Amino acid sequence: MDKKTEEFYERLKEELRTTSNWPSIYLYKFIVPTETSKIIAVEEAFNNMGAVINTVQSKTGKFTSISVNVNMESPEHVVAKYQEVSTIEGIISL
């Protein structure tokens, strides 16, 4: 991971520490190319966590928005999950 990415995640963890009580419900938002394998990969990353996952396809059908509401233990767990899904080709985290 490059220095800029590390700094981003550190700032995110600090912001989450100061703005929420943990454990807490966290809302992840992702955009992926509309390919079944990519959508399933995101869903599987949150499998067995009690997550509520909603998907919406773009008007053109090229992309799918994925919202994930899930109870997370700490800011560190939130960042770890972002890092896990970042390996999915074409994913954008919002």
Side-chain angles (χ1 to χ4, degrees):
M1 182 175 357
D2 66 26
K3 185 173 176 67
K4 187 175 179 181
T5 303
E6 282 182 36
E7 289 172 353
F8 169 78
Y9 284 132
E10 283 305 314
R11 283 192 313 272
L12 176 59
K13 281 192 274 189
E14 186 56 35
E15 183 177 327
L16 291 173
R17 278 188 203 104
T18 59
T19 60
S20 300
N21 294 319
W22 298 93
S24 183
I25 299 293
Y26 187 79
L27 174 61
Y28 290 92
K29 291 186 177 185
F30 305 106
I31 296 175
V32 295
T34 300
E35 295 174 27
T36 303
S37 63
K38 295 181 192 285
I39 296 166
I40 289 172
V42 173
E43 291 173 345
E44 285 180 351
F46 294 93
N47 197 19
N48 298 319
M49 294 180 67
V52 176
I53 302 173
N54 295 305
T55 60
V56 177
Q57 203 172 85
S58 67
K59 289 180 183 179
T60 63
K62 292 181 181 180
F63 297 96
T64 297
S65 166
I66 305 171
S67 298
V68 182
N69 270 302
V70 62
N71 192 36
M72 298 302 286
E73 290 298 315
S74 68
E76 290 75 19
H77 285 101
V78 170
V79 168
K81 193 56 72 173
Y82 273 122
Q83 291 170 333
E84 178 184 340
V85 299
S86 71
T87 61
I88 299 169
E89 186 179 341
I91 194 166
I92 299 170
S93 300
L94 303 172

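Note that the structure is a prediction, hence the values are computed from the model and not measured.
Side chains of I53 and S67 form no contact here, defined as non-hydrogen atoms less than 4.5 Å apart. Residues L12 and V79 are in side-chain contact: their nearest non-hydrogen atoms beyond the backbone lie under 4.5 Å apart. Contact of the V78 side chain with the L16 side chain is registered, since non-hydrogen atoms from C-beta on lie closer than 4.5 Å. Counting only heavy atoms from C-beta outward, the side chains of V32 and I39 approach each other to under 4.5 Å.
For T34 against F63, the heavy-atom pair with the smallest separation is OG1-C, 2.9 Å. Among all heavy-atom pairs drawn from Q57 and G61, the shortest one is OE1-CA, 3.6 Å. Of all non-hydrogen atoms in V68 and A51, the two that sit nearest each other are CG1-CB, 3.8 Å. Of all the heavy atoms in P33 and G90, the pair that sits closest is CD-O, 3.6 Å. In plain terms, the two heavy atoms of A45 and M49 that are nearest each other are O-SD, 3.9 Å.
A salt bridge links E76 with R17; the closest basic N to acidic carboxylate O contact falls under 4.0 Å. Salt bridge annotation for K3-E7: present, with a cationic side-chain nitrogen under 4.0 angstrom from a carboxylate oxygen.
Atom CD of residue E43 and atom OG1 of residue T36 lie 9.5 Å apart, to the nearest 0.5 angstrom. One finds the OH atom of Y26 at 3.0 Å from the OH atom of Y82 (value rounded to the nearest 0.5 Å). Separating the NZ atom in K29 from the OG atom in S93 is a distance of 12.5 Å, to the nearest 0.5 Å. Between atom CD1 of residue I66 and atom NZ of residue K38 there is a gap of 11.0 Å, rounded to the nearest 0.5 Å.
Residues satisfying the side chain to side chain contact (heavy atoms under 4.5 Å, CB included) criterion with T18, sequence neighbours excluded, are E14.
Cluster membership for I88 and V70, using ILVMFWY side-chain heavy atoms within less than 4.5 angstrom, is shared. No continuous path of ILVMFWY side-chain contacts below 4.5 Å connects F30 to I25, so the two sit in separate hydrophobic clusters.
Atom CD of E6 sits in a crowded spot, with more than 12 heavy atoms from other residues, nucleotides or ligands closer than 6.0 Å. For E15, the CD atom counts as loosely surrounded, since its 6.0 Å shell holds 12 or fewer non-hydrogen atoms of other residues, nucleotides or ligands.
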*Could you check W22 against M72 for side chain to side chain contact (heavy atoms under 4.5 Å, CB included), going step by step and ending with a plain yes or no?*
CA-CA 8 Å; W22 298 93; M72 298 302 286; 4.0 Å; yes
Test side chain to side chain contact (heavy atoms under 4.5 Å, CB included) on V85 and I91 and set out the steps. CA-CA 8 Å; V85 299; I91 194 166; 4.2 Å; yes
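Between the side chain of S24 and the backbone N or O of S20 there is no donor-acceptor pair closer than 3.5 Å. Here the side chain of Y28 pairs no donor or acceptor atom with the backbone of L94 at under 3.5 angstrom.
For the pair K81 and F46, the cation-pi criterion (under 6.0 Å, within 45° of the ring axis) is fulfilled.
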